[in-house]
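Here is the naming used below: chain letters follow the sequence lines, and residue numbers restart at 1 for every chain. Please read these numbers as outputs of a predicted model, since none were measured by experiment.
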Protein chains: 2
Amino acid sequence: MPNSQYRYLQRHFSDLIRDNKLKSGTKLPSEREIGEAFKVTRVTVRQALQNLEAEGLIYRQNRRGWFVTPPAVVYDPASHLSFNRYVAEQGSTPHTEKLAQQVEPANAKIAQLMCITEGTPVLFLHRRRYINLRPILIEKMYINLDLLPGLENEDLSQSLSQLLQQKYQREYRDMDLSFKSTALPSHAANDLGISTGQAGLQVERINYTSDKKVLEIDYEFWRHDAVTINIAIRD
Amino acid sequence: MPNSQYRYLQRHFSDLIRDNKLKSGTKLPSEREIGEAFKVTRVTVRQALQNLEAEGLIYRQNRRGWFVTPPAVVYDPASHLSFNRYVAEQGSTPHTEKLAQQVEPANAKIAQLMCITEGTPVLFLHRRRYINLRPILIEKMYINLDLLPGLENEDLSQSLSQLLQQKYQREYRDMDLSFKSTALPSHAANDLGISTGQAGLQVERINYTSDKKVLEIDYEFWRHDAVTINIAIRD
DNA sequence: AATACAATCTGGTATATACCAGTTGACAAC
DNA sequence: GTTGTCAACTGGTATATACCAGATTGTATT
């Protein structure tokens, strides 16, 4: 039933990519060139490309072009491995960039979740994480300084889990996770260099210590095409 | 920085919906009417509507119009509650429709996962699930008949978990979960009555019995705007 | 060799228009 | 009343065109 020119184009590139004739990271021809080659207008080309983007096969860089998406990383929040570790184990190169850091009074929501009084200083940390130089994840974290005094003076572009283990003898254990597949909010889209309205995966995570205190609250914004989440539930 | 007519439109409807001036389920004016009212072309209107769709605020029904999205259901795969139970507990009405059912020989992949020999009969079950009469989830399940003999003769549009418990004294316990945020494959999009290329959430689930045998393998395809997933990880 | 700048290439946004294909509702025929 | 038909309306697909703004590149200048 669904026969149209943009679907033909979509199928064409989809096949090329799946057969590995267009390799990971390759730049596609420009929208105008594709249109000329297939004798369709740019509007039609863009519809095909946007669908391929939704499928996660290609992605765009603003006014630079369209590129073939590299394989997604598999992320197991329960594995207690750091981002750096699991990315490296899958044969890619992780990189973390600190965008902002600030000790600030806890707002009502954070205070309630952390069971502390509103206004208590917490550490806000804003980071961008890369795989093979491609930005794929924005983190905004609120960290309980009562449990981790002096953390604000450490190098916070390093692995946090490693830092917690070595300096504080703390580790991530229990956590509450929430996932939502939706367009990224504009602040996250901007930080990732993608246009507002693009699909993404939002994760909220509350990390607990072994004695059930809230260590940290994370808001994560992932490119939808960059991650698959695996979790084992064991009673 | 991002100032354009379609963003203005997007913001306009986004505000109306968030302020509850356009209520859940309401039909928007037609694309042509919106275009006339705001003095923009239909192409621009559609760009705004498509972004609102990506944000999960509105959804479309083919050639019927655009509607305001109802609230998402919260799904906790580890809660051991059935779909019917958790939907009902959140004040909505669940409904299940069996689309297909068939005893078939296990293919290589299913056989390997179930630790059975290829060709052993398994029960394939294909269902569509609704919330308040809106189709939001397609399930394709492969069920281990060695562990559940005769299941194919039961009414399979009912709650499976209830059936397993009552007739077989079995229940869902351990499971492996995999989530991926991506455009739904065309078969799932068709079953949900949405156009190919729309965003969705794909879930793969392997259910184990208490003695570590594979009871069932599920492939779930959710509307992205219909669900939020919550999981508690406890060591 | 390093720098500055302009031409060119890219995707981003927008107009105007046309025809197609399901859905709906009104009305006529039974 | 029920059924059938048809016109009007909806979103779906597509053409042709235009201009904007950021990114890239080649060239002239220093």
Side-chain angles (χ1 to χ4, degrees), chain A residues 1-13 25-54 58-69 133-135 183 186 189-198, chain B residues 1-13 25-54 58-69 133-135 183 186 189-198:
Chain A
M1 186 188 348
N3 261 329
S4 43
Q5 299 186 60
Y6 81 86
R7 278 183 208 285
Y8 174 81
L9 269 182
Q10 200 176 325
R11 180 65 183 269
H12 175 77
F13 284 105
T26 310
K27 184 178 176 302
L28 301 190
S30 75
E31 297 176 353
R32 289 172 176 85
E33 279 173 7
I34 295 174
E36 257 177 80
F38 290 84
K39 308 226 179 302
V40 295
T41 56
R42 236 183 101 206
V43 180
T44 306
V45 174
R46 278 173 72 80
Q47 186 156 6
L49 296 180
Q50 279 164 23
N51 277 6
L52 289 164
E53 181 186 39
I58 62 175
Y59 69 99
R60 49 179 125 178
Q61 287 183 31
N62 199 301
R63 283 167 240 264
R64 290 202 347 105
W66 295 86
F67 301 84
V68 178
T69 309
L133 302 179
R134 179 175 174 235
S186 55
N190 289 339
D191 287 345
L192 287 172
I194 63 186
S195 50
T196 338
Q198 292 308 313
Chain B
M1 189 188 347
N3 260 330
S4 44
Q5 300 186 59
Y6 80 86
R7 277 182 208 285
Y8 175 80
L9 268 182
Q10 200 176 326
R11 180 63 183 270
H12 175 77
F13 284 104
T26 309
K27 183 177 178 302
L28 300 191
S30 76
E31 297 175 353
R32 288 171 175 87
E33 280 173 7
I34 296 175
E36 257 177 78
F38 289 86
K39 308 224 180 302
V40 295
T41 58
R42 235 181 102 207
V43 180
T44 307
V45 173
R46 278 173 72 81
Q47 186 155 7
L49 295 179
Q50 279 164 23
N51 278 6
L52 289 164
E53 181 186 39
I58 62 176
Y59 69 100
R60 50 178 124 177
Q61 287 183 31
N62 198 301
R63 284 169 240 262
R64 293 204 342 108
W66 294 88
F67 301 84
V68 178
T69 309
L133 301 179
R134 178 174 174 236
S186 55
N190 289 339
D191 287 344
L192 287 171
I194 61 185
S195 51
T196 338
Q198 292 309 312

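- E36(B) is linked by a side-chain contact (heavy atoms from CB on, under 4.5 Å) to nothing, counting only residues two or more places apart in sequence or in another chain.
- Take T69(A) and apply the side-chain hydrogen bond (donor to acceptor under 3.5 Å, both in side chains) test, not counting sequence neighbours, and it matches no residue.
- Residues forming a side-chain hydrogen bond (donor to acceptor under 3.5 Å, both in side chains) with R42(A) (at least two apart in sequence, or on another chain): E31(A).
- Per the geometry, CD belonging to Q47(A) stands 16 Å off C1' belonging to dT13(C), to the nearest Å.
- Under the side-chain contact (heavy atoms from CB on, under 4.5 Å) criterion, R64(B) pairs with Q61(B), F67(B), sequence neighbours left out.
- Contacts of Y8(B) classified as ring pair (Phe, Tyr, Trp, His ring centres under 6.0 Å), with partners at least two apart in sequence or in another chain: none.
- Note on T44(B): a side-chain N or O is less than 4.0 Å away from OP1 or OP2 of dT15(C).
- To the nearest 0.5 angstrom, Y6(B) atom OH is 11.0 Å from Q50(B) atom CD.
- Contact annotation: Q5(B) reaches the phosphate of dT15(C) (side-chain N/O to OP1 or OP2, under 4.0 Å).
- R46(B) has its CZ atom 16 Å from the C1' atom of dA16(C), to the nearest Å.
- What separates CZ of F38(B) from C1' of dT13(C) is a distance of 18 Å, to the nearest Å.
- Taking CZ from R46(A) and CD1 from I34(A), the interatomic distance works out to 11.5 Å, rounded to the nearest 0.5 Å.
- Scanning residues 61-68 of chain B for heavy-atom distances under 4.0 Å to DNA chain C yields N62(B), R63(B), R64(B).
- The side chain of T41(B) has dT15(C) as its nearest neighbour among dG12(D), dT15(C), dT15(D).
- Regarding I194(B), its CD1 atom lies at a distance of 15 Å from the C1' atom of dG12(D), rounded to whole Å.
- The distance from atom NZ of K27(B) to atom P of dG25(C) is 10 Å, rounded to the nearest whole Å.
- Not a single side-chain hydrogen bond (donor to acceptor under 3.5 Å, both in side chains) links R63(B) to another residue, sequence neighbours left out.
- Heavy atoms of R60(A) sit under 4.0 angstrom from primed sugar atoms or phosphate atoms, though from no base atom.
- Rounded to an integer number of Å, the gap from K39(B) NZ to dA14(C) C1' is 16 Å.
- The separation between L28(B) atom CG and dG11(D) atom C1' is 13 Å, rounded to whole Å.
- By the side-chain hydrogen bond (donor to acceptor under 3.5 Å, both in side chains) test, Q5(B) is found to be paired with no residue, residues two or more places apart in sequence or in another chain being considered.
- Scanning atom types as modelled, one donor and one acceptor separated by under 3.5 angstrom connect the side chain of R42(A) and the base of dG12(C).
- DNA chain C lies under 4.0 Å from at least one heavy atom of each of the following residues of residues 29-37 of chain B: R32(B).
- Rounded to an integer number of Å, the gap from Q50(B) CD to dT13(C) P is 13 Å.
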